[in-house]
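As structure tokens, the structure follows; a few thoughts come after it.
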Amino acid sequence: MKKREKICVLMSGGVDSSAVAYLYQKQGYEVIGLTMDILQKRLTDAEKVAKKLGIEHHYVDLHAEFNQKVVEYFIQSYRQGLTPSPCIMCNQEIKLGILAEKAFELGADFIATGHYAKIKDGKLYKGSDPNRDQSYFLFGVKKAIFKKLLCPLADLSKEETRSLAFEAGLEIHNKKDSQDVCFVENGKYQTLFNPPPPCGNIVDKNGKILAKHNGIINYTIGQRRGLNIGGGEILYVTGIDADKNQVVVGSIPDMIKTQITINNINWLGDEEPKDFTCEVKLRSRQQPIPADIHFLDNNTAEVIFKEPVSYGIASGQGCCFFAQNQVLGGGFII
RNA sequence: UGGGGUAUCGCCAAGUGGUAAGGCAUCGGUUUUUGGUACCGACAUUCGGUGGUUCGAAUCCAUCUACCCCAG
């Protein structure tokens, strides 16, 4: 990378992406900032940071795209009894999809983000700290992007990242980390559903009615709280039947699975995908578990766990492949 | 309307004279760029009602009420 190459930083106005912009500017690259407009409120912190750093900054209007690819996907998933993974979808479709394209249109040689993941030789790896690793959220990103993507925070601690922002004199250096569903207030995504979803029954595996639910969108597989069924053993959601508008509950043994099927696979490995053994993550914060991947076709595969999994595995969530520290892609749980 | 039994937090349930365990549920918090899990904390001045015995009762007595079972 030559110093006068142009790096476009995808800026959210948060600590991480701001630190990235500062980092490359400090190193002498030509840096521009790009921020997507998606919500009612414009992320003006990004603009302020860019101004403070003295770098060029642009907004890209992605209201329609975000609405369709993330919000609508989110709503439709829940309506179908699935549990959506909006962050995965946003990364692959919006941030490192359309927004990245805009960056290249603006003449960027590389794009950079504040993701806590490592990119090396066009391949995706875990970030150093397993507790902060965000590579899981990137398994669906198109392979070609990684050749042009920079994620320089992979080896930094959060404190080091914050001190970079502080060093740059940025007000946002102590801004709180983002969490919850970003496109809705306080993570209360239920407000997106209008009209509200219909109430229905909570049943056991034999179909016996145990209680009422206030819409299947409020539940996900493995969920314990909110069932309002007391007196007996601990119950978890073991199934969601959108057709019958029912939530099925049971105990831990009822959740155990030895294999799952995934589709919409995004393959990031070098060679053509074929059956292999690796580790998988079924949610962002969990220890990877060993599994055999058996491809049914290029888009679909069975994932057979070496040990049965006894926590909730929800359809709609991502299953990410890891070979050691490298991310080989992943798919969505059917 | 004869006999027997049971009545303790929303549910289940310890406790039989010494000053209300626990579990589930619920609520709050921690963790977390998705949902969830897990973890931590809170949660009956009161034991169906009313009297009585006792220094002291959810625990003993009386009575009322409700429900259950067996005989009708």
Students often get this wrong, so: under 4.0 angstrom with heavy atoms, is [X] touching a base, only sugar-phosphate, or nothing?
X      : answer
A:Q134 : base
A:F137 : base
A:G312 : nothing
A:S284 : base
A:Y136 : base
A:Q317 : base
A:G226 : sugar-phosphate
A:L227 : sugar-phosphate
A:D180 : sugar-phosphate
A:Y78  : sugar-phosphate
A:C87  : sugar-phosphate

*So, is A:R224 close to the B:rA38 phosphate, meaning a side-chain N or O under 4.0 Å from OP1 or OP2?*
yes
*For B:rC24, take OP1 and OP2 only and decide whether either is under 4.0 Å from a side-chain N or O of A:Y236.*
no
*asked:* Whole angstroms only, please: what is the CZ-P distance between A:R285 and B:rC39?
replied: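 Those two atoms, CZ and P, are 15 Å apart.
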Under 6.0 Å between the ring centres of [X] and [Y]?
X      : Y      : result
A:Y29  : A:F110 : no
A:F139 : A:F321 : no
A:F183 : A:F74  : yes

For [N], what is the paired nucleotide under Watson-Crick or G-U wobble rules, both distances under 3.5 Å?
N      : answer
B:rU63 : B:rG49
B:rG18 : B:rC55
B:rA25 : none
B:rG2  : B:rC70

Considering only the [atom1] atoms, how many Å lie between [N] and [M], rounded to the nearest integer?
N      : M      : atom1 : result
B:rG18 : B:rG28 : P     : 39 Å
B:rG4  : B:rU16 : P     : 25 Å
B:rG15 : B:rG51 : C1'   : 25 Å

*Quick one: does A:L227's side chain get under 4.5 Å of A:V249's, heavy atoms only?*
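A side-chain contact exists here, since the closest heavy-atom pair is under 4.5 Å.
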*asked:* Strictly distance-based, threshold 3.5 Å: is any side-chain N or O of A:N245 a donor or acceptor partner for the main-chain N or O of A:D241?
replied: no
*Compare the minimum distances between each of B:rA25, B:rU33, B:rG36 and the side chain of A:K95, then state the nucleotide with the smallest one.*
B:rU33
*Tell me yes or no: between the side chains of A:Q68 and A:Y73, is some donor less than 3.5 Å from an acceptor?*
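A:Y73 and A:Q68 do not have a side-chain donor-acceptor pair below 3.5 Å.
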